[in-house]
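Structure first, commentary second.
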Amino acid sequence: MTRDGPEDVLPALRLPRRAKRLLGCAFLLLVAAVVADLITGPGTTLSPVLAVAPMLAGAITRSARVPLFAGAVATAAVVLLELSNSGLPLSVHLAALITVLAATLASAANVVLVAARERELTQVRTVAEAAQRALLRPPPERIGPLRVAVRYAAAAAEARIGGDLYEVVDTPHGIRILLGDVQGHGLPAVETATDVLGVFREAARTEPDLVRVAERLDAALSERRVNERFATAFLLDVAPAGGPARFVNCGHPRPLLRRAGRVTELAPPLHAPPLGLLGLIGGHYRAGGFEPLPGDLLILYTDGVSEARDTADRFYPLAERLAALPATGPGAVLDALLAEVGDWVGAAGPTDDAALLALRWEQ
């Protein structure tokens, strides 16, 4: 770290095009004021406007040296203008000089303060990314008959983590897959997601029946007395040697199965409540199944994708867009979908976390 602050560890400063234009216009006005001062003769002076120079310099950098250098140049310019306007009272010259020096010091101090705050934010983001890696472990690209890809985007970019969750576990009972969405946002949602993942990782290895895994997850959330949150979830059980795949849908959006260019929803045998609400509603979970074929692509997603809206309040047509995409790898499909969702919502940005998990059955 340099004496000026943490600019060496911060990402490069990128100004929006509109901001660059406004700053450029301000610099041109400053040059025009100096030229006007020289043209108007010794009776008037515009030297106080040079105090703007270090302020403009501070707006385009994270280094305090830049506004200090700009202030030194502005101070030298003030002295030269004073020499050419010797007929003015000394108080006018002193006022211009003090104004430039004060603006220089204030601009340099502001740059140091902003850089320090940005460094703190960078550290928070780093911790959030480490927490996300520990909570949401990257799944293997290939496991059994499956090629796997996952993409995650938190609604709050500063947070880098949210309430959506996923896991892929190779167990003695089959390949167990979970995608879920915890109610709410922020740290309480992350805490609940941590509990769900912890229970799933243990139950997936010890429970031979996928329904029992779902019931264990529901019981874990029902017993929580903190936050009292629920979570939608989709659980999938894939046999490593092939054969029918079984699934349990706990109030989650229906996955999409693309087969031979057609996209269909994977409908559950019955409508079941989210995790944490089974006892209150009095329902039960039941496993459904389907026979996967080589080349099948199954897309699991959270409502941050399916409920993304454009400026006309239209939902993103996920099934339609999935059918239109070329038959590329799972990762490329998810990248294309996530990019389209970003374009769909536009400048307003997403309002909810978005998680996508793709499974493709190989030959």
Side-chain angles (χ1 to χ4, degrees), residues 1-41 44-82 84-85 92-125 153-160 309-312 339 341-351:
M1 184 171 64
T2 67
R3 289 180 301 171
D4 293 334
E7 62 272 8
D8 55 325
V9 299
L10 293 174
L13 181 62
R14 295 181 179 179
L15 296 175
R17 184 177 300 178
R18 185 177 181 183
K20 291 180 180 179
R21 290 174 180 173
L22 292 174
L23 289 172
C25 291
F27 275 115
L28 290 177
L29 288 174
L30 189 60
V31 172
V34 174
V35 173
D37 192 301
L38 295 173
I39 293 176
T40 54
T44 60
T45 183
L46 297 175
S47 58
V49 301
L50 289 171
V52 177
M55 297 180 183
L56 295 177
I60 61 174
T61 183
R62 290 190 179 95
S63 174
R65 292 191 183 96
V66 176
L68 288 175
F69 177 77
V73 174
T75 301
V78 168
V79 173
L80 293 176
L81 291 177
E82 288 175 354
S84 64
N85 293 287
V92 174
H93 298 310
L94 289 176
L97 190 61
I98 292 173
T99 300
V100 171
L101 291 175
T104 299
L105 296 176
S107 299
N110 182 67
V111 169
V112 172
L113 178 60
V114 170
R117 289 179 175 176
E118 288 190 357
R119 186 186 182 192
E120 292 177 357
L121 180 57
T122 300
Q123 291 174 339
V124 170
R125 287 177 173 174
E158 297 80 4
R160 305 291 178 91
R309 305 189 187 195
D310 63 4
T311 54
V341 170
D343 294 337
W344 187 264
V345 298
T351 58

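Here the structure is a predicted model, which is why all the values come from computation and not from measurement.
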OG1 of Thr61 to CG of Leu56: how many Å apart, nearest 0.5 Å? 13.0 Å
Hits for salt bridge (charged side-chain N to carboxylate O under 4.0 Å, His left out) against Arg309, two or more places apart or cross-chain, chain-then-number order -> Asp313
Donor-acceptor list for residues 100-113 side chains, cut-off 3.5 Å, not counting sequence neighbours:
unit_1 : atom_1 : unit_2 : atom_2 : d
Thr104 : OG1    : Val100 : O      : 2.8
Ser107 : OG     : Met55  : N      : 3.4
Ser107 : OG     : Ala103 : O      : 2.8

Roughly how far apart are Phe27 CZ and Leu22 CG, rounded to 0.5 Å? 12.5 Å
Calculate, to the nearest 0.5 Å, the distance between atoms OG1 and CG belonging to Thr75 and Leu80 respectively. 11.0 Å
